[in-house]
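Presented below is the structure to which this report refers.
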Amino acid sequence: MSIPKASGYFRTRYDEDAALLDTRWRRAAFVLGAAAFAIFPVVAGPFALDLANQVFLTAIGAVALMLLTGCAGQISLGHAGLLAAGAFTTGILVREWGAPIWLTLPASAAVGAALGLVFGLPSLRLRGLYLAVSTLALHFMVIHAGQEYETRRGYSTGVVIDPPTLGGFALTDARAWYVVLLAACAAAVLFAVNLLRARTGRAWRAIHRREAVAEALGIDVRRAKLSAFVVSCTMTSVAGCLFAYYRGFVSAEAFSLFVTIQYVATVIVGGIGSVLGALLGTVFVVLFPYGIEAAMTALGLAERLASVVFAVNYAAFGVVMLLFLVFEPQGLAGMWRRVQAWFLLWPFRQKRAAR
Amino acid sequence: MQLLVNIAVLAALYALISCGYVLIYRVSRVLSLAHGELMMLGAYGLAVSASLLPGHPLVALAAAGLLALVAGFAVYGALMWRMTGESVLAAVLATIALGILLRGAMILAFGTQTLYPLAALGWTNATLPVGESARISGAGLALVGATALAYGGLFAFLRGTRWGIRMRAAGQNPLLAAQRGIRLHGVYALAWGLATLTGGMAGMLIACDAGIESTMVTIGLKAFPAALVGGLDSLVGALVGSLIVAAAEILLIHYVDPLLSDVVPFFVLLAMLVVRPWGLFGTREELDRV
């Protein structure tokens, strides 16, 4: 997936080929970016901090979905359910036994992995859309289980979770959360990028392109599919755990099918099959509702449509997703690549890149 | 006895909805996840036509049906034809996007209040006795009738008419069908139109029974397991699957827990996926396996 380099750039050693940041410019950009991330919490107000935290949280789930849908080509409609699974695991462990975060986090991961294994199994029998179907079932079952827990225990409005303590002090400050979520998000991205370069990720891409050929090349299609599903579910469930702590509150209503659609939107808008796309898509999806709200205020519609803001959001989301699907199937990442190629090839015109 | 009646009504509802999934999947191999929303669109169509055409209720009903058919054509003509030849994934994602768009647009256009088109039509939903101890609502009876009509019509259409045969051919092998001079776009558009019509009928009948609410979309999703249990490309399968899912749902609600209503179809679905993923009457997609 790497972009073509200008002439004069040669790799002469294997570790150069394996390096994630392979040119001086990239290293410089990385340092600059890291500095920007470090300065951000100092200068940003509480609102911007909250937005950044939301972006980080969503990015973990979006990268996970990108691995499954974008890379392995298996559509999942159970993403909200998996987030809920992680969040409810955390909520139940905290409420019932007062478990600390170093216990709830692995527990959520384990629950996610188990769910991934169970609901990924049907997809092994046949190819096609069956995974999508079983993930839809997963969504409804997890939500039902969560609601059941809420009503049985009398938390009719939701489960309240105390802020977690890390190394002796409680995570209540938005700045502390910024650091934690940034670290988690960076870890997820690094994991995804490296996984995609490795054998597993290459196998996923192969089964996405053509399953028959992949199998002929010696890829165990069932294993690849199942591993994609388990990895994605585990990451999402961990994101759900962090989400529960960050919000301090778990409720089944927070994980509607619309959440799933938002995650699917990150994949579509960002561009199928690219981790960078997942990140760009996340930023877009998280900021989009605020943009809509600002636009409505600017147009003077805010009061009139105040009660149906969510409907405006729905409709606008649908329109944006459709526009991307029809006119820019490679999403924001594809646009970015085209801009890069334009500068690289200037003054020559590029051919429209075939996928 | 009452349980049997309930099962019959629910099965009819699921069957009427799920034949839309089956039609679209069988002809174009696309899973339409916007079906619940299209159903709701049909119901709103009835609400509109009932208020605009104050004449005979049947006129309003016919107008609403026509509206749903046209809506289906429009969906294909405006959006889905662009997805022909794209990957199945892209097409399914497009239906998801369409669904959320429709949902938002419908709330914006019609508000969030529950509408009751039956009152606007000037009919009441009387309950009729069945046998000695059971009762059925007028809308329920209409539902069973409509389902019988829809399936009868579809079977006759697919077996007997020229367009029906073309549709089956396109479903079996689009390449060969196109080479024999069948216009695939026409066939696909017809499939979307018919699917939206049947889904819209289901939506209208639910609207007559319980009013138009946002929960209708969930009902549309719950009918999906019925289609899959029977086999996604088989109309007979959709009927049988609907019966199984409806029976499981009603019995479990009655004997175990009423809260289970939303999950039962998905339990059945999962069990089916493990045992026989291509469904009871579906064709095993041999060619897809290596």
Side-chain angles (χ1 to χ4, degrees), chain A residues 69 73-75 77 118-119 121-130 132-134 136-141 143-145 147-148 151 208 211-216 221 257-258 260-261 264-265 267-268 272 305 307-308 310-326 329, chain B residues 25 29-31 33-34 37 78-79 82-83 86-94 96-109 111-112 217-218 221-222 224-225 228 232 257 259-270 272-278 284-285 287-290:
Chain A
T69 304
Q74 307 294 315
I75 188 170
L77 299 174
V118 171
F119 286 83
L121 279 176
S123 75
L124 303 184
R125 299 286 299 274
L126 279 176
R127 53 164 275 173
L129 298 162
Y130 289 83
V133 179
S134 72
L136 197 61
L138 179 149
H139 172 86
F140 281 99
M141 285 180 196
I143 299 296
H144 176 75
Q147 276 170 346
E148 194 79 341
T151 44
H208 184 191
E211 232 174 276
V213 179
E215 193 150 8
V221 171
L257 268 180
F258 182 60
T260 300
I261 292 172
V264 172
V267 173
I268 293 175
I272 286 174
L305 294 176
S307 60
V308 286
F310 71 100
V312 179
N313 265 328
Y314 282 9
F317 248 103
V319 171
V320 168
M321 282 161 79
L322 285 179
L323 287 180
F324 267 99
L325 271 173
V326 173
Chain B
Y25 185 82
R29 300 282 140 182
V30 171
L31 191 60
L33 289 169
E37 279 85 3
L79 173 69
R82 293 171 190 277
M83 294 293 147
E86 295 268 338
S87 67
V88 177
L89 187 71
V92 176
L93 293 179
I96 296 179
L98 175 71
I100 198 79
L101 166 62
L102 280 178
R103 204 182 310 177
M106 280 188 289
I107 295 172
L108 283 181
T112 45
V217 176
T218 317
L221 277 179
K222 275 163 70 186
F224 178 65
L228 202 115
L232 256 181
D257 185 358
L259 277 178
L260 281 171
S261 155
D262 277 350
V263 260
V264 172
F266 292 98
F267 272 118
V268 179
L269 167 83
L270 210 63
M272 199 61 199
L273 278 177
V274 170
V275 181
R276 200 181 150 91
W278 54 93
R284 225 176 140 165
E285 290 167 38
L287 284 175
D288 281 342
R289 294 177 61 103
V290 183

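Residue numbers begin at 1 in each chain, while the letters A, B, ... track the order of the sequences.
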**Complete:** For Ala311(A), the side chain to side chain contact (heavy atoms under 4.5 Å, CB included) test, sequence neighbours excluded, returns Val308(A), Ile107(B), Leu108(B)
**Message:** Show the nearest heavy-atom pair for residues Ala137(A) and Leu270(B), with the distance to one decimal.
**Reply:** CB-CD1, 4.2 Å
**Asked** Side-chain contact, heavy-atom cut-off 4.5 Å: Leu79(B) with Val326(A)?
**Response** yes
**Prompt:** Under a 4.5 Å cut-off applied to non-hydrogen side-chain atoms, are Leu93(B) and Ile272(A) in contact?
**Reply:** yes
**Prompt:** Under the side chain to side chain contact (heavy atoms under 4.5 Å, CB included) test, which residues partner Ala315(A), sequence neighbours left out?
**Reply:** Leu101(B)
**Prompt:** Checking heavy atoms, do the side chain of Phe267(B), its backbone, both or neither come under 4.5 Å from chain A?
**Reply:** both
**Message:** Side chains of Ile96(B) and Ile268(A), heavy atoms from C-beta outward: is any pair under 4.5 Å?
**Reply:** no
**Message:** I'd like to verify something: which residue of Phe324(A), Phe258(A), Phe140(A) has the highest number of heavy-atom pairs under 4.5 Å with chain B?
**Reply:** Phe140(A)
**Request:** Check each atom of Glu148(A) against the heavy atoms of chain B and say whether the ones under 4.5 Å are side chain, backbone, both or neither.
**Result:** side chain
**The single option from Phe310(A), Tyr314(A), Phe317(A) passing side-chain contact (heavy atoms from CB on, under 4.5 Å) against Arg103(B)** = Tyr314(A)
**Request:** Tell me, for Thr260(A) versus chain B, whether the close heavy atoms (under 4.5 Å) come from the side chain, the backbone, both or neither.
**Result:** neither
**Message:** Distance check, rounded to the nearest 0.5 Å: Leu31(B) atom CG versus Leu77(A) atom CG?
**Reply:** 8.5 Å
**Request:** For residues Leu257(A) and Val217(B), determine if any side-chain heavy atom of one lies less than 4.5 Å from a side-chain heavy atom of the other.
**Result:** no
**Request:** Check whether Val319(A) gets within reach of chain B through its side chain, its backbone, both or neither, counting any heavy atom under 4.5 Å.
**Result:** both
